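Here's the structure we're looking at; comments come further down.
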Amino acid sequence: MTLPASSRVNLERFWQTIERSAEIGKGREGGLSRLALSDADKEIRDIFVAWCREDGLTVSVDQVGNIFGRREGQDNSLPPVLVGSHLDTQANGGRFDGIVGVLGALETIRTLNDLGHVTRRPIEIVNWTNEEGARFSPPMLASGCFAGTYPLDWTHTRPSDDGATFGAELRRIGYLGAAPVGGRELDAYFELHIEQGPVLDAEKVQVGVVTHAYTSYGFLAEFKGETAHAGPCAMELRRNALIAAARLLVTVDDLGWDYAATGGKSTGARLAAWPNKAGIISDWAQAICDVRHDDPRAAAVMAERVRRAVGEAAARAGCTAEILDSWNWGGAIFDPEMVSDIRRQAAALGYTHRDLPSQAGHDAYFLARICPTAMIFTPCRNGITHNNNELATREDVEPGLNVLLHSVVARADRQDSH
Ligand code: HGY
Ligand code: MN
Ligand code: MN
């Protein structure tokens with residue numbers, strides 16, 4: 001039995017889940033500050049688990065806190081179709097980034113329950129831990145571990161800048177699950193997400209068909225010097241770690257401007273130093289930065305220039321340097337067949353749609369390493385995001401929700417050999 005083409009999600013029911021989420025971990029007016037594994041993250045996790053159970057899903061939590069809700073299919077020997085995103089936010093985050101994808105997956109389940117439609121393959125919905133990397137570096141930590149990129153033990157040792165570790169915080173909030181992390185077959189992964197760019201909103205296009213991802217390289221660099229008095233210490237004797245980190249970040253910014261004409265980006269994202277006080281030279285500093293480009297070769301050249309700049313900045317400031325952590329994602333990673341079907345579903349549903357790349361990182365980038373994966377974008381106001389003024393309306397998200405519903409079911413019901 002196929003899903004009636006006239007099937008649609010229940011937009012008001014979805015919007016109620018968005019509004020409930022928006023109450024938990026409030027940040028600046030209109031936004032959220034729901035950092036991974038915080039008390040607020042626990043609160044929304046508990047609500048999400050309760051919703052999953054109310055909707056008849058079997059809930060499991062893995063050893064890095066990823067939450068799965070499983071809906072059985074007609075043939076449960078077949079690998080599941082996975083649908084989801086993340087509920088954690090940036091420190092000054094919005095109410096929609098990641099959240100639309102998790103709650104959109106839940107609404108898909110609820111709509112199938114309303115219709116009494118049992119798909120051929122099982123469907124699982126998922127909330128990935130620490131997508132933002134705002135509390136624990138790197139970003140997409142738990143989906144990366146699920147995809148086999150990051151070892152489990154290493155993942156658990158990730159430190160936060162408030163003195164905790166990822167594993168201890170999982171345990172503290174009761175989400176250190178027993179389920180193995182990854183290592184199981186998935187039929188496909190879908191992620192619905194706000195575009196986090198201005199294109200769909202500016203062109204008044206309803207659905208973004210995500211063709212590929214900007215290639216990104218991220219770095220966490222640590223500098224070590226020596227504390228000394230800001231007055232008597234001669235310039236040639238100074239080993240100022242804060243200056244070394246600052247020099248790196250200025251070089252990274254210049255690099256972004258060098259590539260801006262071809263759409264390249266660079267970000268100096270974090271500078272921490274100690275003691276970082278007046279009158280004394282800091283002997284420790286950390287810097288986080290990243291470079292991104294639509295052309296993988298240009299991105300690789302930018303990354304190489306960052307690696308060189310780490311050593312040059314350290315030498316200029318009389319310090320030593322180490323890249324403690326680096327990450328790389330993006331490229332032509334999405335499944336062409338799934339991308340084509342999303343385009344087909346959008347057209348069949350009568351929505352305006354257009355192809356476009358993703359410039360922000362997403363958990364889908366790691367799922368794409370282990371199974372066929374695709375993303376669907378919905379508009380957000382002027383592309384504002386990672387900002388408490390991030391805004392999407394019911395009208396913005398409804399088309400993407402319905403394309404997600406029909407794309408997921410078409411994939412889960414397909415009658416090919418496996
Ligand atoms: O960095 C990123 O693009 C992701 O949203 N954390
Ligand atoms: Mn996101
Ligand atoms: Mn984000």
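Please read these numbers as outputs of a predicted model, since none were measured by experiment. Atoms within a ligand are numbered from 1 in the order they appear, just like the ligands themselves.
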- May I ask you to check whether His86 brings an N, O or S atom to under 2.8 Å from the Mn ion (ligand 2)? yes
- Around atom 3 (O) of ligand 1, find the nearest protein heavy atom and jot down its residue, atom name and distance. Gly361 N, 2.6 Å
- Query: Is the ring centre of Trp128 less than 6.0 Å from the ring centre of Phe146?
  - Reply: yes
- Which option out of His386, Gln359, Arg292, His362 puts a heavy atom nearest to atom 2 (C) of ligand 1? Arg292
- Could you tell me whether ligand 1 has any atom less than 4.0 Å away from a heavy atom of Glu131? yes
- Message: Within the 4.5 Å heavy-atom criterion, are Ile109 and Arg71 side-chain neighbours or not?
- Response: yes
- Asp88 with Arg135: basic N within carboxylate O range, under 4.0 Å: no
- Query: Are Thr262 and His293 close enough that a side-chain donor and a side-chain acceptor fall under 3.5 Å?
  - Reply: yes
- Item | the Mn ion (ligand 2) to Asp97: nearest N/O/S atom name | OD1
- Check Glu132 and report its N/O/S atom nearest to the Mn ion (ligand 3), by atom name. OE2
- Message: Closer than 4.0 Å to some heavy atom of Glu132 - which atoms of ligand 1 meet that?
- Response: 5 (O), 6 (N)
- Backbone or side-chain N/O/S of Glu131 under 2.8 Å of the Mn ion (ligand 3): no
- Query: What is the ring orientation for Trp329 with Phe366, classed by angle as parallel under 30°, tilted 30 to 60°, or perpendicular over 60°?
  - Reply: perpendicular
- Message: Closer than 4.0 angstrom, basic N to acidic O: yes or no for Asp39 and Lys42?
- Response: no
- Message: Give the atom numbers and elements of ligand 1 that come within less than 4.0 Å of a heavy atom of Ala360.
- Response: 3 (O)
- Message: Does this structure show an ion pair linking Glu390 with Arg381, if we count only N-O contacts that are shorter than 4.0 Å?
- Response: no
